[in-house]
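A short write-up of the structure that comes next.
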Amino acid sequence: MRAHRSYAAGKKRRQVYMKKLAVVVSALVLVLCMSILLGCNFADAHGSTDEAPVEHRYYKSIEIQSGDTLWGIAEEYMNEKDGSIIEYIDEVKEINGLKSDDIQDSQYLTIAYYDTAFR
């Protein structure tokens, strides 16, 4: 009877050990698969050595010359990201606290523009 209990206890320990081993092996396989998948994505993200142009928005002060209009300034400095010419003019007026479209020679205005930089 004692040998039968010893055999049953040993068999139970082996079953528990095998279950734990299966869980550990499964976890390692999962970690390995995730590492491979994530590693491939990182390689793709950094695989290109070409520098991509990036547009940044800047502000600068310009001096108004004779004959300058807000419409002309908008045509010169605005970008498609600014929306319409009207929207750009409204933004210039807001930035500079203008109540009307009137601007004067030698007056300074702050305007927004985009420029391309490389990463």
#### Entry: Heavy atoms of other groups near E63 CD, more than 12 under 6.0 Å
yes
* N96 side chain to T110 main-chain N or O, any donor-acceptor pair under 3.5 Å? -> yes
- Look only at the side chain of Y88 and the backbone of A112, and say whether a donor-acceptor pair between them is shorter than 3.5 Å. yes
State yes or no: do [X] and [Y] share one hydrophobic cluster built from I, L, V, M, F, W and Y residues joined by side-chain heavy-atom distances below 4.5 Å, directly or via other members?
{"X": "I85", "Y": "L98", "answer": "yes"}
{"X": "W71", "Y": "Y113", "answer": "yes"}
{"X": "V29", "Y": "L21", "answer": "yes"}
{"X": "Y114", "Y": "I111", "answer": "no"}
{"X": "I86", "Y": "V92", "answer": "yes"}

Intermediate values then yes/no, side chain to side chain contact (heavy atoms under 4.5 Å, CB included), I62 and K60
CA-CA 7 Å; I62 60 169; K60 72 177 182 179; 4.0 Å; yes
Applying side-chain hydrogen bond (donor to acceptor under 3.5 Å, both in side chains) to D115 and not counting sequence neighbours gives none
Spatial distance of atom [atom1] ([X]) from atom [atom2] ([Y]) [nearest 0.5 Å]:
{"X": "R13", "Y": "M18", "atom1": "CZ", "atom2": "CE", "answer": "15.5 Å"}
{"X": "D105", "Y": "Q107", "atom1": "CG", "atom2": "CD", "answer": "9.5 Å"}
{"X": "I103", "Y": "L70", "atom1": "CD1", "atom2": "CG", "answer": "4.5 Å"}
{"X": "I89", "Y": "E87", "atom1": "CD1", "atom2": "CD", "answer": "11.0 Å"}
{"X": "I73", "Y": "Q65", "atom1": "CD1", "atom2": "CD", "answer": "10.0 Å"}

Residues at least two apart in sequence or cross-chain that pass salt bridge (charged side-chain N to carboxylate O under 4.0 Å, His left out) with D68, listed by chain then number, are none
By salt bridge (charged side-chain N to carboxylate O under 4.0 Å, His left out), K81 pairs with (sequence neighbours left out) E55
Side chain to side chain contact (heavy atoms under 4.5 Å, CB included) between Y59 and I95: does it pass, once the steps are laid out?
-> CA-CA 10 Å; Y59 296 87; I95 290 171; 3.8 Å; yes
CA sep, side-chain torsions, deciding dist, call: I64, Q104, side chain to side chain contact (heavy atoms under 4.5 Å, CB included)
CA-CA 7 Å; I64 303 303; Q104 309 297 321; over 6 Å; no
Shortest non-hydrogen pair, E91 vs D82, comes out as OE1-OD1, 4.3 Å
